[in-house]
K.L.:
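Sharing a structure with you now.
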Amino acid sequence: MEGEEEANLARFMRWATALGISDSPNSDAPSSACLGRSLSLFNFPEAGGRGLAATRALTKGELVLRVPKEALMTNDSLLSNDQKLSVALGKLPFLSTAQILCIALLNEGNRGRSSWWYPYLKQLPQSYDLLESFGQLEIEALQIDDAIWTAEKAVQKVKTEWKEATPVLSELNLKPQFTTFNAWLWASATISSRTMHISWDTAGCLCPVGDFFNYAPPEEGPHQLCESKATDTDSLLHITSCDEGQRAENSTKELVDAKTDRLADAGYDEGLASYCFYAKRNYERGDQVLLSYGTYTNLELLEHYGFILQENPNDKAFISLETEMYSLCSWPNDSLYISVDGKPSFALLSTVRLWATPVSKRRSVKHLAYSGQLISIDNEVAVMEWTAKRCRAVLSSCSTSIEEDLQLLHFMDKIENSNGETKSSTLALGDEIRAFLESNSVDAGKVTAKRRRSISRLKLAVQWRHRYKSILSDCIIHCSKMLDNISVI
Ligand SMILES: C[S@@+](CC[C@H](N)C(=O)[O-])C[C@H]1O[C@@H](n2cnc3c(N)ncnc32)[C@H](O)[C@@H]1O
């Protein structure tokens, strides 16, 4: 099996080199290998698995990989020489561009060795852990309503998309294994987790070799400047004003920064007729070279890419608010969250401050709330108490505690790394966790490949909820500190 994987990879690299994919894009000398001068393929078990390492010191902004247009797998390139596919798709004009790319990808897989893309297809992952591939048990293991709802919606969406595409899959006469729901899940996850943005097709493109870059979040998340000022413990009594004008200026700057950041990272270059990848910072030889796919919370990473980050500066915890709060201020609902450091977002804090003000006085203090200023000491006490209480309510509604989640994760690590020797260690676990394991059918004795996959998804669900609960727990600590500060005044 390993030998076969190596042979597939070697064939893929020859194919990529012949197409002009190159990590020495500025050199005129023809390359004998597509990688080796700036980048090389390497395994990073703790940071994305297969990825790209720097083979020399790389400078920020340097072009490190170029993938010519001919090597990009797009709807255009897959449909252009396939009359049968175009005719079949013409009968279902309502399909989305992403559904069309799924169908075209399965159609290409069905061709097997005769596909021009065969070397590329052979080194794609065989399975994924995106939310849409979660079963009922894994979804329930997320525990938090918002996440469960997101996962159920993702599963429903991928099922609907498959059903809508079924008539085309039948008309193409694909082998049965390329028309199943599992095959569709594979194609859909491949597209969700590996396509790159192109301006001429919303489905994006699959970019051989370029899709070996693992993810790092962009350096700074949006809105952080304002929020940290407005909720800083030190500045409680002399709150730095962050008025609407300042906010607008900051967010425009952040948008521009985010845009230049993305452009500096990767993008299709019309002039070079290639997808180009740039070093987003300086790298030492041996470092993993990473790409920012965008700004994502852990739930969004899980939904679109099938992984989470233990340290994600853009993670957020949403808690359900009093119904009235959603309409009290003009902030969008997705700005009402608790940041990864446990502090309420600027918008959440100002909303709760206004809500905690008697109705008759709200009008006169609205400008204070909107500019992030403290309304009164009593109001601030009510705000911190309400926020901490809401976080505690969510934590106590979960069927496991943060400590139990940690124990469970530790146990799952053992199952993953063991060859069936873990049974006795279940005795050391609490009743609740043992019941959880039994109800999830995790039989510690047998670890088949299929079981390993379902454990890996279950582990992702537990890791996600553990990070979420940690944010709420940090928020409770933050609120207590603020209350302590107020009490010494
Ligand atoms: C574009 S591919 C990157 C290459 C991929 N590792 C491979 O073997 O082909 C994106 C996928 O890599 C994995 N990945 C990327 N960055 C990661 C990270 N920082 N931590 C964990 N997994 C990551 C996820 O499975 C994700 O869906």
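Scope of the values below: all heavy atoms of this structure, side chains included, with no hydrogens, waters or symmetry mates. Counting convention: from 1, in listed order, for ligands and their atoms alike.
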K.L.:
Give a yes/no on ligand 1: does Ile308 have at least one heavy atom closer than 4.0 angstrom to it?
P.N.:
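Not so, Ile308 does not reach ligand 1.
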K.L.:
In this structure, which one of Arg11, Arg50, Glu5 forms a side chain to side chain donor-acceptor pair (under 3.5 Å) with Gln123?
P.N.:
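With Gln123 as partner, side chain to side chain donor-acceptor pair (under 3.5 Å) holds for just one option, Arg50.
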K.L.:
Classify the contact between Leu309 and ligand 1 as side chain, backbone, both or neither, using a heavy-atom distance cut-off of under 4.0 Å.
P.N.:
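It is the side chain that gets close, since no backbone atom is under 4.0 Å.
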K.L.:
Got more than 12 heavy atoms from elsewhere within 6.0 Å of NZ, Lys175?
P.N.:
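Check passes, neighbour count above 12.
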K.L.:
What part of Phe213 sits under 4.0 Å from ligand 1 if we count only heavy atoms: the side chain, the backbone, both or neither?
P.N.:
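For Phe213, the contact with ligand 1 is made by the backbone alone.
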K.L.:
In the protein, which heavy atom is nearest to atom 2 (S) of ligand 1, and how far is it?
P.N.:
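The closest heavy atom on the protein side is Asp211 O, 3.4 Å.
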K.L.:
Quickly, which of Tyr275, Phe44, Phe277 forms a ring pair (Phe, Tyr, Trp, His ring centres under 6.0 Å) with Phe213? Name it, please.
P.N.:
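Running ring pair (Phe, Tyr, Trp, His ring centres under 6.0 Å) over Tyr275, Phe44, Phe277 with Phe213 returns exactly one hit, Phe277.
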K.L.:
Got an N/O contact under 3.5 Å between Gly48 and ligand 1?
P.N.:
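By distance alone, the answer is yes.
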K.L.:
Checking contacts here: is it the side chain or the backbone of Tyr215 that comes within 4.0 Å of ligand 1, counting heavy atoms only? Could be both or neither.
P.N.:
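Looking at Tyr215 and ligand 1, atoms from backbone and side chain both fall under 4.0 Å.
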K.L.:
Considering non-hydrogen atoms of the protein only, which is the closest contact for atom 27 (O) of ligand 1, and what is the distance?
P.N.:
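In this structure, atom 27 (O) of ligand 1 has Tyr305 O, 2.6 Å as its nearest protein heavy atom.
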K.L.:
Within the 4.5 Å heavy-atom criterion, are Tyr128 and Arg453 side-chain neighbours or not?
P.N.:
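Tyr128 vs Arg453: side chains apart.
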K.L.:
Within a 6.0 Å radius of atom CZ on Phe42, are there more than 12 heavy atoms belonging to other residues, nucleotides or ligands?
P.N.:
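Incorrect, the count does not exceed 12.
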K.L.:
Select the closest option to atom 8 (O) of ligand 1 among Arg50, Glu46, His304, judged by heavy-atom distance.
P.N.:
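The nearest heavy atom belongs to Arg50.
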K.L.:
Counting only heavy atoms, which portion of Tyr293 has something under 4.0 Å from ligand 1: side chain, backbone, both, or neither?
P.N.:
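Answer for Tyr293: side chain.
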K.L.:
Taking the side chain as everything from C-beta on, heavy atoms only, tell me whether Leu309 gets closer than 4.5 Å to Tyr215.
P.N.:
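They are in side-chain contact.
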K.L.:
Mark whether atom 13 (C) of ligand 1 lies under 4.0 angstrom from at least one protein heavy atom.
P.N.:
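It does; a protein heavy atom is within 4.0 Å.
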K.L.:
Parallel, tilted or perpendicular: which fits the ring planes of Phe181 and Trp162, with parallel below 30° and perpendicular above 60°?
P.N.:
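Plane angle between 30° and 60°, so tilted.
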K.L.:
Could you tell me, atom by atom, which parts of ligand 1 come under 4.0 Å of a heavy atom of Phe212?
P.N.:
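Matching atoms, with element in brackets: 4 (C).
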K.L.:
If you measure only the distance, is there a donor-acceptor pair under 3.5 Å linking the side chains of Asp405 and Tyr468?
P.N.:
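Absent: no donor and acceptor within the cut-off.
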K.L.:
Less than 3.5 Å apart, any donor N or O on the side chain of Ser38 or Arg56 sitting next to an acceptor on the other?
P.N.:
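Distance-only check passes for Ser38 and Arg56.
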K.L.:
Quick one: which of Leu291, Asn214, Thr195, Asn312 has a heavy atom closest to atom 3 (C) of ligand 1?
P.N.:
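The nearest heavy atom belongs to Asn214.
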K.L.:
Can you pull out the closest protein heavy atom to atom 18 (C) of ligand 1? Residue, atom name and distance to 0.1 Å, please.
P.N.:
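Checking every protein heavy atom, the shortest distance to atom 18 (C) of ligand 1 gives Phe307 CE1, 3.3 Å.
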